[in-house]
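Input: a single structure, listed below in structure tokens.
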Amino acid sequence: MEPRIQAVAGLDEARTRNIPNEDAQTVEFDESNFYARDRLPGRDLIDDGQRMDYGVRVTGLLFGGGRAEAFVGQSLAREPGAFAAATGMTGRSSDIVAAATVSPAEYLDLNWRARFAKNDFDIRRQEVSIGAGPDWLRVNAEYIRIDDVNQGPQFIAAREQIKGGFKFKFAYNWSVSGSHHRDLDSNEPLLWSASVAYEDECFAVDLAFASDFASQADGGGRDDSVFLRVRFKHLGGIQTAQGVGGRNGERN
């Protein structure tokens with residue numbers, strides 16, 4: 001059992017309110033950034049003010065080589081700052097974040113993470129995922145539920161979704177993978193994708209096809225694209241994309 005408390009001091013909001021925000025358009029609050037000094041992504045908007053973060057992590061070893069780990073934590077600020085406003089939290093105390101990981105066997109991983117409202121413990125966000133199989137054939141599934149909440153400047157409406165996918169390594173350096181992302185409220189697909197990849201010690205090449213249905217909500221219809229990614233493991237990478245329907249773009 002590992003309890004941990006940290007104190008963080010930064011500038012007050014009054015001194016940072018005029019900084020434009022371009023990077024922190026989507027903000028998440030979970031165990032992955034709970035103890036980060038700056039919990040906002042990007043380099044423009046910062047997690048200002050003074051706060052104290054306290055939580056506890058419990059780890060256990062299971063019979064047969066399995067492992068289980070759980071975390072719960074909460075933050076207390078002198079006054080709400082930019083991060084609290086971006087995540088829709090009010091008052092001095094934050095929502096409660098929790099997470100758990102269980103690996104009962106070598107080829108099975110179960111993960112859960114959630115964010116609870118501080119007053120009534122309603123679940124604002126919940127993710128449950130499972131991964132199974134050896135390295136040469138890995139399958140995964142994920143369930144996501146998000147209540148109405150701010151995640152940055154944009155308001156995120158409630159949603160309930162599932163994801164599923166697989167990765168099959170048919171040769172030492174070659175693999176194929178596929179995934180499907182679906183909205184449970186509308187029972188409509190959000191994304192289909194498939195790819196074939198080569199990877200060695202120096203670089204990786206990935207040729208993928210994606211069919212994006214998310215733009216249908218705005219009347220944009222389906223967006224089909226083919227991607228080619230080349231990644232040099234110590235130098236960075238490059239990607240080019242061609243829209244099947246005529247949309248295309250390129251970035252480094």
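Note that the numbering runs from 1 along the sequence shown for the chain.
- At a threshold of 4.5 Å between non-hydrogen side-chain atoms, the residues Arg138 and Lys169 do not count as touching.
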Evaluation steps, salt bridge (Lys or Arg N to Asp or Glu O under 4.0 Å), between Glu28 and Arg125: CA-CA 10 Å; Glu28 295 186 3; Arg125 182 186 180 100; 3.6 Å; yes

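- Heavy atoms only, all atoms of each residue included: Ser211 and Arg222 are closest at OG-CD, 3.0 Å.
- The residues Glu199 and Lys233 are annotated as salt-bridged, a charged nitrogen and a carboxylate oxygen being separated by less than 4.0 angstrom.
- Taking a 6.0 Å sphere around CZ of Arg37, one finds it holds 12 or fewer heavy atoms contributed by other residues, nucleotides or ligands.
- With Tyr198 as the fixed residue, the ring pair (Phe, Tyr, Trp, His ring centres under 6.0 Å) test singles out one of Trp174, Tyr172, Phe170: Trp174.
- Between Phe71 and Tyr35, the ring-plane angle classifies as perpendicular under the 30° and 60° cut-offs.
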Verdict with supporting geometry, Gln126 and Arg145, side chain to side chain donor-acceptor pair (under 3.5 Å): CA-CA 5 Å; Gln126 182 170 220; Arg145 199 198 90 187; over 6 Å; no

Step-by-step side-chain contact (heavy atoms from CB on, under 4.5 Å) determination, Val8 to Gln6: CA-CA 7 Å; Val8 180; Gln6 76 172 14; 3.7 Å; yes

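- Between atom CG of residue Asn140 and atom OG of residue Ser177 there is a gap of 10.0 Å, rounded to the nearest 0.5 Å.
- If you chain together hydrophobic residues whose side chains sit under 4.5 Å apart, Ile123 and Leu110 never meet in one group.
- Under the 4.0 Å criterion applied to side-chain N and carboxylate O atoms, Arg4 and Glu2 are not assigned as salt-bridge partners.
- Across all non-hydrogen atoms, the minimal contact from Val176 to Val196 is CG1-CG2, 4.0 Å.
- Here the CD atom belonging to Gln161 is positioned 6.0 Å from the CD1 atom belonging to Ile144, to the nearest 0.5 angstrom.
- The number of heavy atoms from other shown groups lying within 6.0 Å of CG (Asp200) is above 12.
- Across Phe34 and Arg39, no two heavy atoms sit closer than the pair O-CD, 3.9 Å.
- With salt bridges taken as basic N to acidic carboxylate O contacts below 4.0 Å, one links Asp95 and Arg124.
- Of all the heavy atoms in Ser103 and Leu62, the pair that sits closest is O-CD1, 4.4 Å.
- Taken together through direct or relayed side-chain contacts under 4.5 Å among Ile, Leu, Val, Met, Phe, Trp and Tyr, Ile130 and Leu137 form parts of separate hydrophobic clusters.
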side-chain contact (heavy atoms from CB on, under 4.5 Å) between Lys118 and Ser94, worked out: CA-CA 7 Å; Lys118 60 184 177 181; Ser94 74; over 6 Å; no

Test log, rule side-chain contact (heavy atoms from CB on, under 4.5 Å), inputs Met1 and Val56: CA-CA 7 Å; Met1 180 179 293; Val56 60; 3.7 Å; yes

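- The line from CZ of Phe203 to CZ of Phe232 is 7.0 Å long, rounded to the nearest 0.5 Å.
- Using a 4.0 Å cut-off between charged side-chain N and carboxylate O, Glu188 and Arg182 make no salt bridge.
- Here the side chains of His180 and Pro189 are in contact, with some heavy-atom distance below 4.5 Å.
- For the atom pair CG of Leu191 and CG of Asp183, the computed distance is 12.5 Å after rounding to the nearest 0.5 Å.
- Counting heavy atoms from C-beta on, the side chains of Ile96 and Val72 come closer than 4.5 Å.
- In this structure, CD in Glu142 is found 9.0 Å from CG in Asn111, a value given to the nearest 0.5 Å.
- Geometric assessment of Arg229 against the ring of Phe227 yields a positive cation-pi assignment under the 6.0 Å and 45° thresholds.
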Worked check of side-chain contact (heavy atoms from CB on, under 4.5 Å) between Tyr143 and Glu160: CA-CA 8 Å; Tyr143 167 81; Glu160 192 173 15; 2.4 Å; yes

Trace of the side chain to side chain donor-acceptor pair (under 3.5 Å) decision for Tyr54 with Gln74: CA-CA 6 Å; Tyr54 46 90; Gln74 188 180 32; 3.2 Å; yes

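- Under a hydrophobic clustering in which Ile, Leu, Val, Met, Phe, Trp and Tyr are joined whenever their side-chain heavy atoms come within less than 4.5 Å, directly or via other members, Leu184 and Phe213 fall into different clusters.
- Within 6.0 Å of atom CH2 in Trp192, 12 or fewer heavy atoms from other residues, nucleotides or ligands are found, so the atom counts as exposed in its surroundings.
- Of the inter-residue distances, the one linking Ile162 atom CD1 with Ser129 atom OG reads 13.5 Å to the nearest 0.5 angstrom.
- The hydrophobic clustering, which links ILVMFWY residues whose side-chain heavy atoms are closer than 4.5 Å, places Phe166 and Phe209 together.
- Annotation: side chain of Lys167 is not in contact with side chain of Trp136 (no heavy-atom distance under 4.5 Å).
- In terms of hydrophobic clustering, with Ile, Leu, Val, Met, Phe, Trp and Tyr side chains grouped at heavy-atom distances under 4.5 Å, Tyr107 and Leu61 are assigned to different clusters.
- With respect to Arg115 and Asp122, no salt bridge is recorded, no charged nitrogen being found less than 4.0 Å from a carboxylate O.
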